[in-house]
Protein chains: 2
Amino acid sequence: MDKEKYTTNLFDVIAEKNRRKMIDLLRVRPMSVGELVELTQLSQPGVSKHLRKLKEIGLVFIDKDSQKHIYHLNAKPLAEIDNWLKPYRKYWSNKLDSLEQLLDEEE
Amino acid sequence: MDKEKYTTNLFDVIAEKNRRKMIDLLRVRPMSVGELVELTQLSQPGVSKHLRKLKEIGLVFIDKDSQKHIYHLNAKPLAEIDNWLKPYRKYWSNKLDSLEQLLDEEE
DNA sequence: TCATTATATAACTGTTTAGTTATATTACCA
DNA sequence: TGGTAATATAACTAAACAGTTATATAATGA
């Protein structure tokens with residue numbers, strides 16, 4: 001399908017709006033492909049394609065219930081993003097020195 | 001230039017490898033375009049193009065020193081990513097104890 | 001076995017985008 | 001004023017990609 005020869009990268013995977021929506025949904029509870037189709041307004045192949053990328057990067061895993069494929073979230077890979085953000089967090093954390101806090105609050 | 005009619009989205013902006021590299025560099029210290037060209041191995045227009053997107057989303061601002069345009073990081077917009085991650089963080093945090101969670105949030 | 005249901009894959013298309021080279025703009029200085 | 005340095009924009013190209021429709025695969029149940 002589409003060759004799909006290119007390596008998927010976590011930042012690219014979460015950059016896509018509908019994929020973020022899907023993992024947001026799967027955070028609530030595991031869902032079948034059909035349920036995700038209803039909730040995303042995408043075509044069924046469209047959903048399957050996104051799920052494949054999410055699976056490749058390890059953000060979801062499948063629990064097969066006969067024909068139904070129940071997709072479960074595995075959020076752990078997102079720790080990479082969290083980790084990347086770490087050195088930046090101090091820039092908006094409210095634990096800055098009091099002058100900066102004051103300036104922030106004035107915004 | 002390229003029309004550039006499309007709204008830039010933070011997730012898209014940080015999805016690009018060289019742009020992440022650039023803001024990682026600007027975290028160390030403000031830099032001119034020329035310095036970024038050297039450090040990224042991109043062409044000068046390539047760097048300017050990325051800087052434009054970073055500026056559009058508010059991740060950098062310019063301090064003009066005569067001909068030199070010194071780009072400064074403004075990390076605050078990244079708080080949006082941090083915020084999106086919030087409900088997922090518990091999945092990889094090994095500190096399940098609620099007191100420790102609270103302390104984490106205070107950091 | 002045959003029809004149905006659920007999902008995955010194939011093949012295609014239009015749009016977006018990162019990168020380039022060429023050129024314009026802007027500021028400085030001899 | 002003319003030349004040079006620094007950056008931005010224009011125009012173009014190739015690759016990537018999200019979305020689609022059509023079709024294949026797999027499992028179920030009558």
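A, B, ... follow the sequence lines: proteins, then strands. Residue 1 opens every chain.
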Step through it carefully: locate the ring centre of Y88(B), locate the ring centre of W84(B), and say whether they are under 6.0 Å apart.
yes

Think H50(A) has a side-chain N or O under 4.0 angstrom from the OP1 or OP2 of dG19(D)?
yes

CZ on R19(B) to NZ on K53(B), rounded to 0.5 Å
5.5 Å

Under 3.5 Å donor-acceptor, D65(A) side chain and K68(A) backbone
no

Is there a continuous path of hydrophobic side-chain contacts, each under 4.5 Å between heavy atoms, that joins M31(B) to I70(B)?
no

How many whole angstroms separate atom NZ of K17(A) from atom C1' of dC17(D)?
16 Å

Starting at CZ of R19(B) and ending at C1' of dT16(C), how long is that distance when rounded to a whole Å?
12 Å

Side-chain N,O (R52(A)) to OP1/OP2 (dT9(C)) below 4.0 Å
yes

Quick one: what's the B/S/- string for nucleotides 23-30 of chain D, heavy-atom cutoff under 4.0 Å, read 5' to 3'?
----BS--

Sidechain-backbone polar pair: R20(A) side chain, I14(A) backbone, donor-acceptor under 3.5 Å
yes

OP1 or OP2 of dA8(D) versus the side-chain N and O atoms of Y71(B): is any pair under 4.0 Å?
yes

Return no unless some side-chain N or O of S43(B) is found under 4.0 Å from OP1 or OP2 of dT20(C).
yes

Specify the residues of residues 26-41 of chain A, ordered by number, for which at least one heavy atom lies under 4.0 angstrom from an atom of DNA chain C.
S32(A), V33(A), G34(A)

Run the side-chain contact (heavy atoms from CB on, under 4.5 Å) test on L59(A) and N74(A) for me, step by step, so that the C-alpha distance in whole Å, both residues' side-chain angles and the decisive distance to 0.1 Å come before the verdict.
CA-CA 5 Å; L59(A) 278 170; N74(A) 173 34; 6.0 Å; no

L54(B) CG - dT7(D) C1' separation (whole Å)
16 Å

Could you tell me whether L51(B) contacts a base, only the sugar-phosphate backbone, or nothing, with contacts defined as non-hydrogen atoms closer than 4.0 Å?
nothing

To the nearest Å, give me how far apart NZ (K49(A)) and P (dT20(D)) are.
10 Å

Decide whether N18(B) and K21(B) meet the rule of one side-chain donor and one side-chain acceptor closer than 3.5 Å.
no

Report the distance from atom NZ of K68(B) to atom C1' of dA8(D), rounded to the nearest whole Å.
17 Å

Under the 3.5 angstrom rule, does the side chain of T40(B) hit a backbone N or O of L36(B) as a donor-acceptor pair?
yes

Output the single nucleotide from dA18(D), dG19(C), dA8(D) whose closest atom is nearest the side chain of L42(B).
dG19(C)

Okay, side chain of E38(A), backbone of E35(A): is any donor-acceptor separation there less than 3.5 Å?
no

CG of N18(A) versus P of dG19(D): gap in Å, rounded?
5 Å

Given atom CD1 of I57(A) and atom P of dC17(D), what is their separation to the nearest angstrom?
12 Å

To the nearest angstrom, the NE2-C1' distance between H69(B) and dT9(D) comes to 13 Å

